[in-house]
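None of these values were measured; they are calculated from a predicted model.
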Amino acid sequence: MKSPAKNPLRILFLHPNFPAQFRHLATVLAKDNNYQVVFGTNRREGKMTGVYKAIYEPSREASAHTHHYIRNLENAVLTGQAVYRMAEKLKGQGFIPDIVYGHSGWGPTLFIKDIFPKTELVCYFEWFYHAHGSDADFDPNEPINPNDECRIRVKNSPILLDLCSCDRGLSPTNWQRQQFPPEFHSKITVRHDGVDTQYFHSQPGAKLVLPRINLDLSHVDELVTYVGRGMEPYRGFPQFMEAVALIQQRRPHTHVVVVGEDRVAYGKNLPDGKTYKQLMLEKLDLDLSRLHFTDRLPYSEYLQVLQASSAHIYLTRPFVLSWSMLEAMATGCLLVASGTPPVLEVIEDGVNGLLVDFFSPQEIANRVDEALDNPEDMMGIRTQARETIVQNYDLATLLPQHLDWFLGEKKPVKSKGFGNG
């Protein structure tokens with residue numbers, strides 16, 4: 001491993017995925033000769049110019065014989081051990097970080113203060129689990145039991161260890177910071193990762209044509225869109241599909257595009273092994289010629305979906321706010337979104353989006369009707385949606401602030417290329 005300059009500030013990012021939330025920070029720092037950037041990850045795919053990638057691999061997964069309350073903790077410990085071994089190799093190569101910035105919860109940051117006791121530890125705190133009052137007990141049809149309550153409490157163990165050992169942390173939204181114990185709030189700054197509003201921009205009159213997957217909707221005037229990492233109840237997929245059935249009955253020329261993988265990204269799988277997509281397709285009478293599943297898309301095609309959207313549906317339990325909602329707003333989408341706490345931090349009904357009851361496919365369909373029947377009246381809401389992101393979540397504004405916060409007093413006085421990411 002070569003140092004890019006004499007006495008550079010050494011940064012170690014830690015995340016099981018790559019580059020995940022640290023993409024923009026790592027990109028900018030790696031361009032600057034004042035910094036040496038290493039990224040510890042479990043993901044072999046992908047590379048970034050100027051970033052040394054260090055792979056860690058847990059020796060095993062949590063044992064099936066481990067009490068189910070603490071399997072999450074055991075996996076975190078195994079991950080922490082793997083990172084410790086990786087860090088020993090980095091030490092052997094002469095790399096001792098000045099700052100470690102890691103995602104809390106999966107365990108990569110657990111033992112950083114043991115291997116690098118003088119290093120500043122910064123944690124990205126995305127979520128703190130609660131049995132009551134947020135995601136777990138949100139659906140009245142899925143009541144939690146005493147086992148759930150105890151398991152959820154213990155699930156916070158690696159996060160609590162990080163809260164104690166870190167020097168400071170960051171949460172992307174006020175709602176997400178609010179989930180953490182009040183006694184740790186002084187350690188947590190709220191700052192979103194930011195949306196690239198130059199990339200995510202509107203394209204008036206855009207039509208959706210994706211030759212790679214043989215999707216040509218250039219003839220379609222009404223296009224309803226939905227985006228998710230997976231297809232699960234956490235992001236309202238069942239309610240969305242029920243709304244699609246109603247929309248198709250009312251609007252014979254409307255097409256629907258669903259972007260995402262046929263899997264569960266958050267929450268539980270169905271006990272019978274079916275996916276929620278399979279379940280809803282079996283349950284509902286749908287016109288499949290007007291319902292298009294694209295699977296996961298590269299960013300360029302994902303952007304085209306948003307730009308061609310007539311109405312974009314975003315539903316979420318009281319949980320982590322999706323980047324996709326903010327990206328859709330930046331693109332000028334007409335958002336039909338659930339009136340749940342993470343959304344309410346950003347959306348005001350009738351101003352920059354249309355709010356609906358998460359559990360009401362009827363209301364979702366009604367508001368889609370409202371959006372599609374009054375396109376001219378909705379232009380102001382579309383404009384205000386983008387303006388909300390430009391004013392409050394723009395990467396160009398937030399990234400320099402994020403860098404200043406992250407580097408603090410360690411920021412060099414003179415820096416080439418700083419903030420040009």
Notebook entry, point to check: Considering the options Ile11, Ile55, Leu14, Val51, which one meets the side-chain contact (heavy atoms from CB on, under 4.5 Å) requirement together with Phe39?
Noted result: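 It is Val51; the other options fail the test.
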
Output the distance between atom [atom1] ([X]) and atom [atom2] ([Y]), rounded to the nearest 0.5 Å.
{"X": "Arg235", "Y": "Met325", "atom1": "CZ", "atom2": "CE", "answer": "10.5 Å"}
{"X": "Asp193", "Y": "Gln21", "atom1": "CG", "atom2": "CD", "answer": "5.5 Å"}
{"X": "Met378", "Y": "Leu335", "atom1": "CE", "atom2": "CG", "answer": "12.0 Å"}

For [Y], is there an ion pair with [X] - N to carboxylate O distance below 4.0 angstrom?
{"X": "Arg168", "Y": "Glu120", "result": "yes"}
{"X": "Lys207", "Y": "Asp221", "result": "yes"}
{"X": "Glu142", "Y": "Lys268", "result": "no"}
{"X": "Lys155", "Y": "Asp148", "result": "no"}

Item checked: Heavy-atom side-chain contact between Val38 and Arg10 under 4.5 Å ->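 No, every pair of side-chain atoms sits at 4.5 Å or beyond.
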
Item checked: Shortest non-hydrogen separation from Arg191 to Trp405 and the atoms involved -> NH1-CB, 3.3 Å

Next item on the list: Could you name each residue pair satisfying ring pair (Phe, Tyr, Trp, His ring centres under 6.0 Å) that touches residues 347-372, not counting sequence neighbours?
Entry: Phe138-Phe358, Phe138-Phe359

Next item on the list: Go through the structure and list residues passing side chain to side chain contact (heavy atoms under 4.5 Å, CB included) with Arg251, not counting sequence neighbours.
Entry: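 Expected list: Glu222, Ile247, Thr254, Asp369, Leu372, Asp373.
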
